[in-house]
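Since the model is a prediction, treat every value here as computed from it, not as a measurement.
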Amino acid sequence: MEGDRVQVLVPHMLLILVSLGLVLGSLTSSPTSSPVTQSCSFYSGRSCEECLKNVSCLWCMTNNTCLEYPVKTILPPSSLCAMSAARWGACWINFEALIIAMSVTLGIILLSITVCCCYCCYCRKSSYSRMGMEAEEENLIRERERRKQESLQRKNERTMKHNEIRKKYGI
């Protein structure tokens, strides 16, 4: 039942599983000069390493059988082999652990990207608002200075008019 739940939760992981399996399989298997052409059932009862030299094979630990990987179902159904006992690509890791590890890794990557994007957007927004505030503050200072100059000019004009009136009337 748990294997079915994993199948529903992680169907998009096939590409990642395939690429990781190929990489791990190439790291754990010895290089061969000719491609393996035996069917997977030929390796049943032998070792996991021999079975997994052929990337189209799946090793089931419960009954030591080598099976064709069911590519149509993405993940092997629990009726074929339990997820905890299935090996593909490397004998040292099972499907459950692989799926969990890949899901956690993918989650961490997505979370990191999201946090970075949000942080960058916040910084950009705050820098624009700071620049906007600085520009607005500069405009206010210029406006205040302009008003002060106009006020001084009007004061000087009033003083001149008062002086003219005083001269005219001799005050």
Side-chain angles (χ1 to χ4, degrees), residues 1-29 31 48 52 55-59 61 69-78 80-171:
M1 186 143 203
E2 187 176 337
D4 293 334
R5 185 174 60 194
V6 171
Q7 280 182 331
V8 171
L9 293 175
V10 196
H12 61 282
M13 300 291 289
L14 176 66
L15 182 60
I16 295 169
L17 289 172
V18 169
S19 60
L20 184 64
L22 289 173
V23 168
L24 292 175
S26 67
L27 292 176
T28 59
S29 62
C48 176
L52 296 184
V55 293
S56 64
C57 295
L58 168 76
W59 181 259
M61 295 291 268
Y69 186 86
V71 291
K72 290 182 181 178
T73 60
I74 298 175
L75 297 174
S78 57
L80 185 63
C81 187
M83 294 285 272
S84 59
R87 304 290 192 267
W88 183 71
C91 294
W92 55 270
I93 189 165
N94 64 37
F95 263 86
E96 280 181 334
L98 185 64
I99 290 171
I100 290 169
M102 294 305 294
S103 298
V104 168
T105 304
L106 184 65
I108 289 171
I109 290 170
L110 290 175
L111 184 66
S112 299
I113 290 171
T114 304
V115 167
C116 287
C117 288
C118 290
Y119 180 74
C120 290
C121 291
Y122 174 76
C123 288
R124 178 184 250 177
K125 181 180 176 185
S126 64
S127 69
Y128 281 143
S129 65
R130 277 191 217 130
M131 288 183 351
M133 289 176 145
E134 289 173 0
E136 188 175 334
E137 190 174 323
E138 288 176 13
N139 286 340
L140 289 174
I141 290 171
R142 275 193 241 114
E143 184 68 25
R144 191 179 308 139
E145 193 63 36
R146 185 185 60 80
R147 287 180 185 167
K148 195 174 190 180
Q149 290 295 329
E150 288 176 356
S151 171
L152 284 173
Q153 187 179 0
R154 284 192 303 267
K155 184 177 178 183
N156 286 338
E157 287 175 2
R158 273 194 314 269
T159 306
M160 285 175 38
K161 280 187 181 180
H162 286 142
N163 288 341
E164 286 177 11
I165 292 173
R166 285 187 188 127
K167 271 187 188 178
K168 184 177 179 180
Y169 294 108
I171 304 179

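Partners of Arg147 according to the salt bridge (Lys or Arg N to Asp or Glu O under 4.0 Å) rule, which considers only residues two or more places apart in sequence or in another chain, are Glu143. Not counting sequence neighbours, Ser84 has no partner by the side chain to side chain donor-acceptor pair (under 3.5 Å) test. In this view, Glu150 and Arg146 satisfy the side chain to side chain donor-acceptor pair (under 3.5 Å) rule, not counting sequence neighbours. The salt bridge (Lys or Arg N to Asp or Glu O under 4.0 Å) check on Glu136 picks up nothing, with sequence neighbours excluded.
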Side-chain donor/acceptor pairs under 3.5 Å, residues 161-171, sequence neighbours excluded:
from   : atom 1 : to     : atom 2 : distance (Å)
His162 : ND1    : Arg158 : O      : 3.2
Asn163 : OD1    : Arg166 : NH1    : 3.3
Asn163 : ND2    : Thr159 : O      : 3.4

With a cut-off of 3.5 Å and sequence neighbours excluded, list every side-chain donor-acceptor pair involving residues 105-118.
from   : atom 1 : to     : atom 2 : distance (Å)
Thr105 : OG1    : Ala101 : O      : 2.7
Ser112 : OG     : Ile108 : O      : 2.8
Thr114 : OG1    : Leu110 : O      : 2.8

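Between Leu58 and Trp88, the shortest heavy-atom distance links the atoms CD1-CB, 4.0 Å. Heavy-atom minimum distance, Leu52 versus Arg87: CD2-O, 3.7 Å. Heavy atoms only, all atoms of each residue included: Asn94 and Met83 are closest at CB-O, 3.9 Å. Taking both residues in full, the closest heavy atoms of Pro70 and Pro77 are given as CG-CD, 4.0 Å, listed atom of the first, atom of the second, then distance.
Using a 4.5 Å cut-off on side-chain heavy atoms (C-beta onward), Arg144 and Lys148 make no contact.
Distance check: Cys91 SG to Met61 CE gives 7.0 Å after rounding to the nearest 0.5 Å. The CG atom of Leu140 lies 13.0 Å from the CD atom of Glu145; values are rounded to the nearest 0.5 Å. Tyr69 contributes atom OH, which lies 10.0 Å from atom CG of Leu80 (distance to the nearest 0.5 angstrom).
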